[in-house]
Amino acid sequence: MVRTILSLLALLGSAWVAQPKIIYAGVNESGGEFGVFASVDTPGFGLPGRFGVNYAFINKTTVDIFVDQEKINFFRVTFLMERMCPISFGLGKRFNETYFSEYADAINYITVTKGAYALLDPHNYMRYNDPSMQPFTGSIIGNSSDPTAATTQQFRAFWQELARRFVNNPKVVFGINNEPHTMPTELVLANDQAAIDGIRASGARQLILAPGNGFTGGHSWTQSTGAGIAPSSDFLNKLVDPLKNTAIDIHEYLDVDFSGQHDACTQPAPSNLAALTTWLQDNGLKAMITEFGGGNNEGCFQAIDEMMKYMTANDVYIGWAIWAAGPLWGTNSPCCGPTVGSLEPGEVNVNGGPNGFDTVWANVVRPNIPTGLKRSGISSLS
Ligand SMILES: *[C@@H]1O[C@H](CO)[C@@H](O)[C@H](O)[C@H]1NC(C)=O
Ligand SMILES: *[C@@H]1O[C@H](CO)[C@@H](O)[C@H](O)[C@H]1NC(C)=O
Ligand SMILES: *[C@@H]1O[C@H](CO)[C@@H](O)[C@H](O)[C@H]1NC(C)=O
Ligand SMILES: CC(=O)N[C@H]1CO[C@H](CO)[C@@H](O)[C@@H]1O
């Protein structure tokens with residue numbers, strides 16, 4: 001009897017462990033923020049830009065490949081706040097309807113036509129009004145000593161309007177902002193909270209992802225990322241979502257300085273993410289890793305595999321999106337050395353050889369795509 005109960009418990013235990021925890025798996029679709037980069041700080045450079053020429057959101061054919069053949073269920077789709085809210089309008093509820101409809105077309109294709117989830121990603125580093133030398137130009141949202149800065153209230157109004165427009169689409173996820181950095185962590189918290197308040201005030205109930213400071217790096221979550229800057233862990237557990245449907249948004253590259261610019265993977269995820277994992281557990285929070293990546297080499301394949309298995313083994317992680325696919329990369333390499341190329345199917349790398357989709361994705365990402373991904377229902381923590 002004891003033995004039966006014990007083996008029953010063991011069975012229950014293993015069934016428990018085998019529960020799928022990663023429920024979102026996918027890729028970044030980067031391109032909506034392109035065409036504004038200048039070699040010197042030039043406010044307004046490249047704005048508004050031409051759709052399909054200077055910027056674009058997705059290639060529907062490659063989204064088909066990702067959903068139908070690769071069976072992923074998640075796309076992070078970047079856009080630029082200065083295009084959604086032209087500088088002449090200011091940040092807030094007045095949108096450029098042309099840019100919005102181009103963006104909404106991409107989001108609706110992913111969510112309605114293909115049935116996958118889409119993360120709305122204002123790719124702005126918590127800054128607004130000058131993306132010409134991102135991530136360092138632009139006024140920090142809510143910097144009250146900067147008269148040209150958009151206010152936290154404006155940021156709330158922006159999110160309330162964007163969420164209102166997707167209130168009836170259960171498959172969107174709201175990403176508050178890409179990679180805040182070099183600002184008071186108190187202000188990251190205040191802006192994140194304002195976004196959550198605006199989103200919920202619109203009636204939207206979908207999942208929200210909240211970033212921390214320091215480019216929202218997982219490895220530095222519990223550390224100061226600059227003089228006088230408090231660790232994200234000191235503040236990001238103070239967020240209040242009345243619907244308790246907010247997770248932490250994490251980025252984590254595996255190269256020497258966590259920038260994703262080098263081809264060697266020398267920063268192991270399991271040890272670098274350990275303190276974050278403990279913090280998430282202690283605070284009853286979940287996280288998604290919405291940017292990561294590694295180069296086209298054995299060392300990186302191993303490091304990525306280790307990272308993905310680490311996320312699967314720790315149930316505080318509910319999903320991931322690798323950087324990056326997108327319609328405008330061509331032979332350029334968004335991650336991990338100049339010769340990897342992008343993750344966009346059908347493209348080649350700078351040498352005319354296979355790109356990251358045929359190397360990194362095929363070798364290490366594809367084998368780690370879980371089978372139990374969430375396919376229906378409103379975006380949520382489970
Ligand atoms: C709105 O976006 C469209 C498409 O990019 C652009 O042609 C137009 O000039 C923009 N309007 C403003 C006010 O920026
Ligand atoms: C806020 O704005 C002031 C005035 O432009 C600037 O001196 C300060 O550095 C800004 N704060 C941060 C954290 O950048
Ligand atoms: C979209 O992707 C397909 C499949 O790789 C490719 O044949 C096509 O040229 C792409 N279209 C654009 C506009 O890049
Ligand atoms: C590896 C990589 O390209 N990461 C980038 C993610 O987001 C922006 C690109 O728009 C970059 O600043 C990061 O370096």
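In listed order, ligands and their atoms are each counted from 1.
Protein heavy atom at the shortest distance from atom 4 (C) of ligand 3 is Thr61 CG2, 3.8 Å. In this structure, the protein non-hydrogen atom closest to atom 9 (O) of ligand 1 is Pro48 CG, 3.5 Å. Closest to atom 11 (N) of ligand 1, if we only count protein heavy atoms, is Asn96 ND2, 2.9 Å.
Classification of Glu291 and Arg76 as a salt-bridged pair holds, one side-chain N sitting under 4.0 Å from a carboxylate O. For Asp305 and Lys309, the salt-bridge test passes: some basic side-chain N is under 4.0 Å from an acidic carboxylate O.
Separation of the Trp320 and Tyr24 ring centroids does not fall under the 6.0 Å cut-off. A centroid separation of 6.0 Å or more is found between the aromatic rings of Phe258 and Phe215.
Applying the 4.0 Å criterion to heavy atoms of Gly49 picks out, from ligand 1, the atoms 5 (O). Near Gly346, meaning under 4.0 Å from any of its heavy atoms, are these atoms of ligand 3: 5 (O). Close approach to Ile140 involves these atoms of ligand 2, each under 4.0 Å from a residue heavy atom: 12 (C), 13 (C), 14 (O). Taking every non-hydrogen atom of Thr62 and a distance limit under 4.0 Å, the qualifying atoms of ligand 3 come out as 2 (O), 5 (O). When each atom of ligand 1 is checked for a heavy atom of Thr98 under 4.0 Å away, the hits are 2 (O), 3 (C), 4 (C).
The presence of a protein heavy atom under 4.0 Å from atom 2 (O) of ligand 2 is confirmed. Within a 4.0 Å radius of atom 7 (O) of ligand 2, the protein contributes no non-hydrogen atoms. By the definition of a contact as any protein heavy atom under 4.0 Å away, atom 14 (O) of ligand 3 is in contact.
By the 3.5 Å distance cut-off applied to N or O atoms, Asn59 is counted among the residues near ligand 3. Of the polar atoms of Asn143, at least one N or O is found under 3.5 Å from an N or O of ligand 2, judged by distance alone. Note: no N/O pair closer than 3.5 Å links Pro327 and ligand 3 by distance alone.
Using cut-offs of 30° and 60° on the angle between ring planes, the pair Trp159 and Phe155 is perpendicular. Between Phe34 and Trp329, the two ring planes are perpendicular [angle over 60°; tilted spans 30° to 60°].
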*salt bridge (charged side-chain N to carboxylate O under 4.0 Å, His left out) between Glu97 and Arg165: does it pass, once the steps are laid out?*
CA-CA 12 Å; Glu97 296 302 336; Arg165 290 170 183 236; 2.8 Å; yes

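Cysteines Cys265 and Cys300: SG-SG separation is under 2.5 Å.
When side chains are defined from C-beta on, Thr78 does not count as touching Phe57, because their heavy atoms never get closer than 4.5 Å. The shortest distance between side-chain heavy atoms of Phe75 and Val67 falls below 4.5 Å.
Within the set Tyr99, Phe51, Tyr55, Phe89, the minimum heavy-atom distance to atom 5 (O) of ligand 1 is found for Tyr55.
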